[in-house]
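Structure first, then comments.
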Amino acid sequence: MDDEESLAEWARKREQRRARAKGQLRAVPLSSGPHRGAHVEPAAPRVIQEHDGTQWVTVSVVESLAAAKAILYPPQPVEEKPAGWDRPALGESRGRHHRTTSSERDR
């Protein structure tokens, strides 16, 4: 806490941080030793935890890194373009990179 920050301001910021963290998910490997990068021991089971605003709460257990990623990063719906989507009509071009036709060369 800053010396110049009031207690009310500090409490407001703390609640904002907690609100942002609430609902976040993480996967923690169930292996002995210190937790290392997620790519280490991809076949090890993992605990899926959710932050409730104060602490991490265990939600489920999955069998591997691939299963954990499927829960943490669900596929996003694909946005489809409407069937009647029309591109703007391209008019006659006289620009610098315009390919000239034989009738234009004869002029």
Side-chain angles (χ1 to χ4, degrees):
M1 189 168 105
D2 253 352
D3 291 335
E4 303 197 12
E5 184 177 38
S6 69
L7 183 59
E9 182 67 18
W10 175 82
R12 184 185 63 76
K13 288 181 180 179
R14 178 175 177 230
E15 287 305 313
Q16 286 177 343
R17 281 192 307 271
R18 284 185 172 186
R20 275 193 312 265
K22 191 172 185 176
Q24 286 182 343
L25 295 174
R26 73 177 183 182
V28 179
L30 288 175
S31 57
S32 60
H35 297 301
R36 297 174 290 201
H39 64 283
V40 178
E41 297 184 49
R46 283 163 162 72
V47 173
I48 304 297
Q49 296 179 329
E50 181 178 11
H51 201 272
D52 68 358
T54 307
Q55 63 185 354
W56 290 99
V57 179
T58 299
V59 177
S60 66
V61 177
V62 295
E63 67 277 357
S64 67
L65 176 61
K69 282 185 175 182
I71 293 172
L72 296 177
Y73 312 109
Q76 299 297 318
V78 178
E79 291 184 28
E80 295 182 17
K81 292 182 181 176
W85 183 72
D86 293 323
R87 291 187 222 165
L90 300 176
E92 296 264 338
S93 174
R94 297 279 183 218
R96 179 176 173 188
H97 300 287
H98 176 68
R99 177 184 253 174
T100 57
T101 61
S102 59
S103 63
E104 290 177 345
R105 277 187 248 138
D106 295 338
R107 290 184 188 173

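We're numbering straight along the sequence, starting at 1.
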If you look only at distance, which donor and acceptor atoms sit under 3.5 Å apart when one is on a side chain in residues 20-30 and the other is two or more places apart or in another chain?
from: Arg26; atom 1: NE; to: Gln49; atom 2: OE1; distance (Å): 2.8
from: Arg26; atom 1: NH2; to: Gln49; atom 2: OE1; distance (Å): 2.9

Can I get a per-line list of side-chain donor-acceptor pairs under 3.5 Å for residues 39-48, giving both atom names and the distance, sequence neighbours left out?
from: Glu41; atom 1: OE2; to: Arg36; atom 2: NH2; distance (Å): 2.7
from: Arg46; atom 1: NH1; to: Glu41; atom 2: O; distance (Å): 3.1
from: Arg46; atom 1: NH1; to: Ala44; atom 2: O; distance (Å): 2.9
from: Arg46; atom 1: NH2; to: Ala38; atom 2: O; distance (Å): 2.8
from: Arg46; atom 1: NH2; to: Val40; atom 2: O; distance (Å): 3.4

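With respect to the salt-bridge test (charged N to carboxylate O, under 4.0 angstrom), the residues Glu9 and Arg12 qualify.
Residues Val57 and Val59 are members of separate hydrophobic clusters, defined by side-chain heavy-atom contacts under 4.5 angstrom among Ile, Leu, Val, Met, Phe, Trp and Tyr.
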